[in-house]
Amino acid sequence: MFASLLGKLSWSQLPQDAITRGGAGSIVAGVFAIVVLITLLGRWKWLWKEWLTTQDPKKIGVMYIIVAVVMLLRGAGDALLMRTQQATAAGASGGILDSYHFQQIVSAHGTIMIFFVAMGLMFGLINLVLPLQIGARDVAFPFLNATSFWLFFAGMALVNLSLVIGDFSAAGWLSYPPLSELKYSPTVGVDYWIWALQIAGVGSMLSGINFLVTIIKMRAPGMTFMKMPMFAWSVMASMTLVAFAFPILTVTLALLALDRTLGMHFFTAGSGGNAMMYVNLIWAWGHPEVYILVLPAFGIYSEIVATFARKKLFGYTSMVWAIWAIVVLSFTVWLHHFFTMGAGADVNAFFGIMTGVIAIPTGVKIFNWLFTMYRGRISFKSPMLWFMGFVVVFTIGGVMGVLMSVPAIDYQVHNSLFLVAHFHMMIVGGVVFGYFAGLTYWFPKIFGFRLHEGLGKLAFWFWIGGFLLAFMPLYILGLMGATRRLDHYDASLGWQPLFIVAGIGALCVGVGIGFQLLQLIVSIWQRDQRRDLTGDPWGGRTLEWSVPSPAPVYNFTTTPVITDRDQFWVDKQSGKKPVKQYEDVLLPKNSGASVFIAGFAFMFGFGMVWHIYWLSVLALLALVTTIIVRASNDEPEYILTAKEVEKMDHALSRRKEQYV
């Protein structure tokens with residue numbers, strides 16, 4: 001009776017080996033330490049009221065970034081474990097990990113870095129910057145925005161719970177059948193993967209719809225589409241892809257869950273299913289996902305280059321067309337991920353050509369950025385360094401990608417470390433470098449003080465040097481025949497020296513992350529000396545720099561009216577000062593419903609993972625009930641009166657005078 005209530009859950013599911021116990025212990029100890037610290041400080045009420053229940057997109061953005069940074073540390077730890085294993089597991093040496101544990105780490109690393117680091121940084125920066133850039137006071141659906149974050153958090157919690165109870169998927173970060181089917185993955189690892197991604201993916205889909213509506217409906221008066229900042233264009237394109245691609249992921253995960261839970265065979269070749277259908281579906285989402293992540297980074301680079309070159313962006317119209325060409329073409333290239341799987345020469349030729357074609361609009365953007373810099377008065381601050389690093393790494397990765405767009409070449413390097421190097425150069429060099437640049441650039445606007453520039457530059461140089469050292473050897477290893485997910489190899493192959501170099505590179509990246517953490521600590525410690533008293537520390541061009549740092553809850557005292565593309569820059573050059581006309585502002589009330597919805601979603605996912613179906617049913621009923629109760633709330637907003645806005649504005653002015 002007791003066993004049936006707990007499904008597959010038992011004491012035997014706790015960690016058994018030393019490394020897993022260490023990981024589980026660090027998570028439990030970390031959570032316990034945070035709970036004790038908050039309790040000792042007596043900050044639970046403050047935390048609930050000011051942060052956990054907030055619907056302010058700026059605070060939600062900060063929470064996204066905190067989660068993403070924490071997951072970056074775990075993902076980087078996994079990467080160091082993998083590189084250590086590959087550097088030491090040659091010949092008679094078995095390395096530090098067994099094969100099954102190594103494959104779990106590979107799967108966890110890919111899942112975490114894409115879904116919970118890159119996506120977290122992306123949605124964090126969009127929340128922080130987009131409403132300010134388009135002259136809006138909020139997003140279109142504040143409650144939906146908060147719910148999206150908490151679903152993202154619930155998915156992250158499920159991934160990390162797999163370290164403490166049970167195990168994680170060993171079927172790769174995209175869990176191809178038949179390896180992910182119940183016959184070959186009988187433990188709960190794949191189920192953790194499915195439900196963590198399903199819950200977080202629904203949150204991402206809701207965010208995509210929310211930001212898309214925000215851009216279309218909430219731009220400042222006079223801001224036509226062709227007067228929008230390039231970052232807003234890039235977000236609009238990315239969220240369009242989210243709206244079309246993430247439903248594919250939702251359905252694909254649901255079908256795989258049905259295969260594993262109810263004994264269906266959508267993807268089981270021997271029972272009437274087709275594993276290739278899964279591969280098509282997952283990459284029909286997966287390749288647009290690459291552009292979902294990289295397009296906002298492109299928008300960030302556009303803002304940074306124009307600001308630090310002291311010039312307007314070159315080729316604005318062509319940049320817009322290039323963005324939308326990427327959006328359309330991103331759905332025509334997914335099959336290049338499985339050129340070797342027998343689709344036929346005609347199909348391979350089409351997708352190979354399309355893969356080459358999609359490089360053209362990306363090249364247009366690179367040249368536009370370089371022409372923006374041409375004859376500009378360039379200031380090489382740390383955000384600009386991240387851009388320069390991106391140009392180098394992304395160009396190398398892009399050239400290798402064009403090589404692999406030729407099916408004959410792809411046949412030689414498919415499933416090798418050559419592909420791993422290419423993928424990381426595109427995602428890390430394009431996406432992560434972009435979000436680091438954006439965080440450094442907008443940090444004063446978010447928190448009101450600048451980051452330490454010297455430590456930021458040190459972090460960059462360790463990152464770029466370590467990254468090239470970690471992944472350039474993988475191109476060589478791939479050409480020598482080293483495959484992905486390789487946990488052991490024969491010493492006579494001569495691969496170990498290159499794996500050791502790659503491991504040293506990964507260690508250098510770790511040092512770079514350490515300098516970023518030190519940069520944050522030192523900057524917080526010295527925050528009074530680093531205050532941004534102007535609201536415009538870099539000499540920016542767009543509307544977010546027109547408000548105080550950090551931005552007030554209402555964003556703008558007076559809704560801006562737009563007549564030019566770089567309105568703030570034009571006003572500064574003309575000496576025009578904004579006329580403050582205080583007005584009532586409608587803002588959303590705090591609500592704990594989003595937290596409860598995500599909590600019930602987490603319980604539902606946990607129940608499905610462990611086959612505790614009564615828990616899943618109860619959690620689903622509670623989730624639906626919470627949504628209905630919330631939807632019945634007739635007063636989800638409050639009015640911040642013009643007098644209160646004036647009072648808050650004067651308080652900001654007095655605080656500025658205090659630091660002068």
Side-chain angles (χ1 to χ4, degrees), residues 72 75-97 99 102-103 105-110 113-114 172-173 386 388-406 409-433 436 459-515:
L72 172 65
D78 287 343
L80 285 171
L81 281 173
M82 288 189 291
R83 287 289 170 260
T84 303
Q85 172 68 16
Q86 291 178 321
T88 57
S93 172
I96 62 170
L97 302 168
S99 291
F102 180 85
Q103 298 305 326
I105 291 174
V106 169
S107 304
H109 173 74
M113 297 302 280
I114 293 294
W173 77 278
W386 286 111
M388 300 301 292
F390 149 76
V391 171
V392 173
V393 172
F394 199 80
T395 301
I396 295 171
V399 169
M400 299 305 175
V402 171
L403 277 177
M404 289 191 295
S405 73
V406 180
I409 295 176
D410 187 78
Y411 264 78
Q412 302 303 313
V413 297
H414 185 82
N415 205 39
S416 74
L417 290 179
F418 190 97
L419 174 63
V420 172
H422 158 71
F423 182 76
H424 279 79
M425 285 198 159
M426 304 308 284
I427 294 298
V428 177
V431 176
V432 177
F433 281 17
F436 285 166
F460 165 76
W461 287 115
F462 271 98
W463 254 100
I464 188 73
F467 185 78
L468 291 172
L469 203 59
F471 288 98
M472 293 305 290
L474 300 195
Y475 283 121
I476 303 170
L477 284 164
L479 293 173
M480 293 171 72
T483 59
R484 294 195 284 180
R485 310 184 187 106
L486 188 71
D487 63 90
H488 186 268
Y489 49 92
D490 195 300
S492 65
L493 293 170
W495 295 350
Q496 190 171 25
L498 288 169
F499 274 121
I500 291 172
V501 171
I504 293 170
L507 190 61
C508 289
V509 170
V511 173
I513 294 172
F515 273 118

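FYI, side chains are in, hydrogens and waters are out, and symmetry mates aren't considered; it's all heavy atoms of this structure. If you're wondering where the values come from, they're calculated on a predicted model, not measured in any experiment.
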Rounded to the nearest 0.5 Å, what's the gap from [atom1] on [X] to [atom2] on [Y]? Could you check?
X: His109; Y: Met82; atom1: NE2; atom2: CE; answer: 4.0 Å
X: Ile96; Y: Asp487; atom1: CD1; atom2: CG; answer: 11.5 Å
X: Leu81; Y: Arg83; atom1: CG; atom2: CZ; answer: 11.5 Å
X: Ile409; Y: Leu403; atom1: CD1; atom2: CG; answer: 5.0 Å
X: Ile105; Y: Leu97; atom1: CD1; atom2: CG; answer: 4.5 Å

Using modelled atom types and a 3.5 Å cut-off, is there a donor and acceptor pairing between side-chain atoms of [X] and backbone atoms of [Y]?
X: Gln85; Y: Gly95; value: no
X: Ser93; Y: Ala89; value: no
X: His488; Y: Gly94; value: no
X: His422; Y: Gly397; value: yes
X: Gln496; Y: Ala87; value: yes
X: His424; Y: Val420; value: yes

Task: Least distance between heavy atoms, Gly466 atom then Cys508 atom - done: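 For Gly466 and Cys508, the tightest heavy-atom pair comes out as CA-CB, 3.5 Å.
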Open item on the list: Before we go on, tell me: are the rings of Phe471 and Tyr475 under 6.0 Å apart, centre to centre?
Closed with: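 No, ring centres 6.0 Å or more apart.
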- [ ] Kindly say whether the aromatic ring centers of Phe515 and Phe460 come within a distance under 6.0 Å.
- [x]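 Not under 6.0 Å, so no.
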Is the closest side-chain heavy-atom distance between [X] and [Y] below 4.5 Å?
X: Trp495; Y: Leu486; answer: yes
X: Leu72; Y: Met113; answer: yes
X: Met472; Y: Ile396; answer: yes

Open item on the list: Between Ile114 and Ile427, is the side chain to side chain contact (heavy atoms under 4.5 Å, CB included) condition met? List the steps.
Closed with: CA-CA 9 Å; Ile114 293 294; Ile427 294 298; 4.2 Å; yes
- [ ] Using the six-membered ring wherever Trp is involved, compare the ring planes of Phe390 and Phe394 and label them parallel, tilted or perpendicular (cut-offs 30° and 60°).
- [x]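 Phe390 vs Phe394 ring planes: tilted.
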Open item on the list: Using the rule given for side chain to side chain contact (heavy atoms under 4.5 Å, CB included), can you reason through Gln86 versus Leu498, listing the C-alpha separation, both sets of side-chain angles and the distance that settles it, and then say yes or no?
Closed with: CA-CA 10 Å; Gln86 291 178 321; Leu498 288 169; over 6 Å; no
Open item on the list: Working note: Thr483 + Asn415, criterion side-chain hydrogen bond (donor to acceptor under 3.5 Å, both in side chains); need CA distance, chi angles, decisive distance, verdict.
Closed with: CA-CA 6 Å; Thr483 59; Asn415 205 39; 5.5 Å; no
Open item on the list: Checking side-chain contact (heavy atoms from CB on, under 4.5 Å) between Leu474 and each of Leu419, Leu417, Leu479, which is the one that passes?
Closed with: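 Result: among Leu419, Leu417, Leu479, Leu417 is the only option passing the side-chain contact (heavy atoms from CB on, under 4.5 Å) with Leu474.
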Open item on the list: If the test is side-chain contact (heavy atoms from CB on, under 4.5 Å), which one of Met480, Met404, Arg484 qualifies with Phe418?
Closed with: Met404
Open item on the list: Could you walk me through whether Trp463 and Val428 satisfy the side chain to side chain contact (heavy atoms under 4.5 Å, CB included) test, starting with their C-alpha distance in whole Å, then the side-chain angles of each, then the deciding distance to 0.1 Å, before giving a yes or no?
Closed with: CA-CA 10 Å; Trp463 254 100; Val428 177; 3.8 Å; yes
TODO: Give the intermediate values and the outcome of side chain to side chain contact (heavy atoms under 4.5 Å, CB included) for residues Met425 and Phe467.
DONE: CA-CA 9 Å; Met425 285 198 159; Phe467 185 78; 3.8 Å; yes
